[in-house]
There are 2 protein chains.
Amino acid sequence: METQKNKKEMFYPHVSVDCVLLGTNEDKLCVLLVERQVAGSDEKHYKLPGSLIYESEDLDTAAYRVLNEATGLKRVALKQFRSFGSPARTKNKEDVQWLENASKMKISRIVTVAYLALCKIGKKTTMDEKSDTLIWAPVNELPHLPFDHKEIIEAARQEIRDWVDREPGIVFDYLPPKFTAYQLRRIFEIVYDKEVDVRNFRKKMSTMEYIVQTDETETGVNHRAARYFRFDRIKYNKLHSNFNKI
Amino acid sequence: METQKNKKEMFYPHVSVDCVLLGTNEDKLCVLLVERQVAGSDEKHYKLPGSLIYESEDLDTAAYRVLNEATGLKRVALKQFRSFGSPARTKNKEDVQWLENASKMKISRIVTVAYLALCKIGKKTTMDEKSDTLIWAPVNELPHLPFDHKEIIEAARQEIRDWVDREPGIVFDYLPPKFTAYQLRRIFEIVYDKEVDVRNFRKKMSTMEYIVQTDETETGVNHRAARYFRFDRIKYNKLHSNFNKI
DNA sequence: CCAAAAGTGTTGCGTATACACCCATGG
DNA sequence: CCATGGGTGTATACGCAACACTTTTGG
């Protein structure tokens with residue numbers, strides 16, 4: 001079956017990974033975009049962080065490299081969710097030209113493997129030298145993007161919900177070690193894009209043994225101080241190991 | 001980010017699609033395998049149906065081509081579920097040599113996009129000229145397979161459950177137009193690999209408006225004849241369209 | 001009449017939803 | 001004392017799981 005019939009000439013697609021790094025900005029779901037230089041244009045142009053894969057690099061490894069280059073983060077849960085390989089991806093000459101300049105390679109076709117993560121928005125400040133080339137764009141107000149990056153982001157947006165359903169633990173990659181019930185609830189509201197009842201949410205929290213109350217509370221707020229919670233990863237892993245599902 | 005640092009030489013991975021076509025054989029979940037010729041061996045060697053992608057072909061199109069070449073089927077729901085791209089995939093020299101012979105190409109690395117379908121097992125008989133080169137192997141008793149095909153099949157087995165949960169309609173691709181409650185139940189039992197209570201299952205069936213009773217019953221069985229049901233795809237699509245989920 | 005599979009209801013449990021008021025704090 | 005958000009309980013609805021006997025048919 002691997003025989004290539006109708007072979008006209010040697011055909012070598014390129015393979016890349018693209019990362020959809022999602023975060024929230026107060027009240028909107030946002031995606032991290034990186035600036036790209038477009039010859040002969042003063043406007044800022046953006047794209048998803050991504051890279052062609054290296055020769056001896058696994059797909060997951062490439063994705064973590066891209067994540068780290070873009071954000072400085074290393075230990076965030078990153079999930080492969082779909083590959084995009086339409087020949088039409090390279091139909092825009094401008095996109096292809098930019099990519100050929102950047103990669104110093106002749107590009108005819110590129111298949112990309114897309115990855116997804118929930119990612120702390122504030123961390124970009126730890127990457128000072130890069131921070132002016134990164135933006136968090138609300139997924140509903142995306143700038144012009146090359147290739148099919150909008151489609152990839154849209155797919156990621158669907159995917160994140162299923163992922164949080166199956167692995168609620170990933171949202172704690174996103175939160176600080178101590179967090180309030182409000183912060184946690186907002187993540188769910190933003191990811192699912194719908195309101196969550198406060199009381200029902202707290203009830204659910206109290207059934208999740210891996211969310212534990214601390215004695216600490218907020219300080220310096222001009223209303224009743226909220227209690228801090230923390231995430232117990234040990235308990236979480238015990239409850240969510242595949243071992244229990246079989 | 002697409003800049004390839006540490007570039008030693010031009011690096012061109014190949015891209016293929018592989019299809020995991022699942023079916024049931026009375027009581028076991030099975031996967032369709034195709035024979036491959038291995039030089040200097042009389043034994044039969046098998047692999048997943050797959051192909052390098054053609055130059056102007058979308059990934060989905062390539063997957064449907066492979067499906068059709070292997071089974072003659074065209075209208076089965078086929079779902080991309082994961083890509084596999086470890087450099088270690090080509091660590092077995094024998095596999096690579098076979099692939100280079102078959103494709104007439106020098107292969108250093110191959111990234112494959114894996115697809116999944118539930119597929120009628122009997123249809124191979126419509127492909128008489130090929131039927132002796134195809135087998136349905138129980139997923140628990142796989143022969144030796146090249147590359148990481150066992151890993152791909154294992155991943156497909158996990159995936160099929162989630163897919164049936166989200167899109168129960170795919171199981172009707174697999175059944176004849178008229179089917180009994182028993183046949184439908186067996187599919188779920190085999191896919192989920194656990195027993196399903198008969199009464200609870202019928203209750204659930206009766207809540208699914210797209211499963212409609214017919215007046216026909218089995219004939220020629222030496223026990224009480226079972227009633228036939230049919231699948232109403234129109235009703236199903238109305239109930240399962242994304243439109244209703246938003 | 002017997003073997004073999006078809007068909008049929010009820011109950012309990014746990015989880016999701018809807019909903020409104022008092023509490024603590026800083027200014 | 002007031003504005004702001006924190007924190008709490010109850011009642012209802014729904015889906016899921018457990019469970020055993022009668023019916024129909026061919027041989």
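Chain letters run A, B, ... following the sequence lines, proteins first, then strands; residues in each count from 1.
- Electrostatic pairing of Asp173(A) and Arg233(A) counts as a salt bridge here, judged by a charged N lying under 4.0 Å from a carboxylate O.
- Take Tyr192(B) and apply the ring-ring contact (aromatic ring centres under 6.0 Å, His included) test, not counting sequence neighbours, and it matches no residue.
- Each of Ala225(B) and Asp197(B) has a nearest nucleotide on DNA chain C; the 5'-most of these lies closest to Ala225(B).
- Whole-Å rounding puts the Gln183(A) CD to dG5(D) P distance at 14 Å.
- Using a cut-off of 4.0 Å between Lys/Arg side-chain N and Asp/Glu carboxylate O, Glu218(A) and Arg224(A) are scored as not salt-bridged.
- Checked by atom type and distance alone, the side chain of Ser86(A) pairs as donor or acceptor with a backbone atom of Ala88(A) at under 3.5 Å.
- One interatomic measurement links the two molecules: CZ of Arg199(B) to C1' of dC16(D), which rounds to 14 Å at whole-angstrom precision.
- The pair Lys178(B)-Glu216(B) meets the salt-bridge criterion, with a side-chain N (NZ, NE, NH1 or NH2) lying under 4.0 Å from an Asp/Glu carboxylate O.
- Under the ring-ring contact (aromatic ring centres under 6.0 Å, His included) criterion, Phe172(B) pairs with Phe179(B), Phe231(B), sequence neighbours left out.
- Salt-bridge formation is not detected for the pair Arg186(A)/Asp27(A): no Lys NZ or Arg NE/NH1/NH2 atom is positioned less than 4.0 Å from an Asp or Glu carboxylate oxygen.
- For the pair Thr71(A) (side chain) and Leu73(A) (backbone), a donor-acceptor distance under 3.5 Å is present.
- Glu35(B) has a carboxylate O that lies under 4.0 Å from a charged side-chain N of Lys44(B), or vice versa, which qualifies the two as a salt bridge.
- Of the residues in residues 212-224 of chain B, those lying under 4.0 Å from DNA chain D by heavy-atom distance are Val221(B), Asn222(B), His223(B), Arg224(B).
- Within residues 202-211 of chain A, the residues that have a heavy atom under 4.0 Å from DNA chain D are, in order of number, Arg202(A), Lys203(A).
- Of all nucleotides in DNA chain C having an atom under 4.0 Å from a heavy atom of chain A, the first and last in 5' to 3' order are dT17(C) to dG26(C).
- For Phe201(B), the ring-ring contact (aromatic ring centres under 6.0 Å, His included) test picks out Phe188(B), with sequence neighbours left out.
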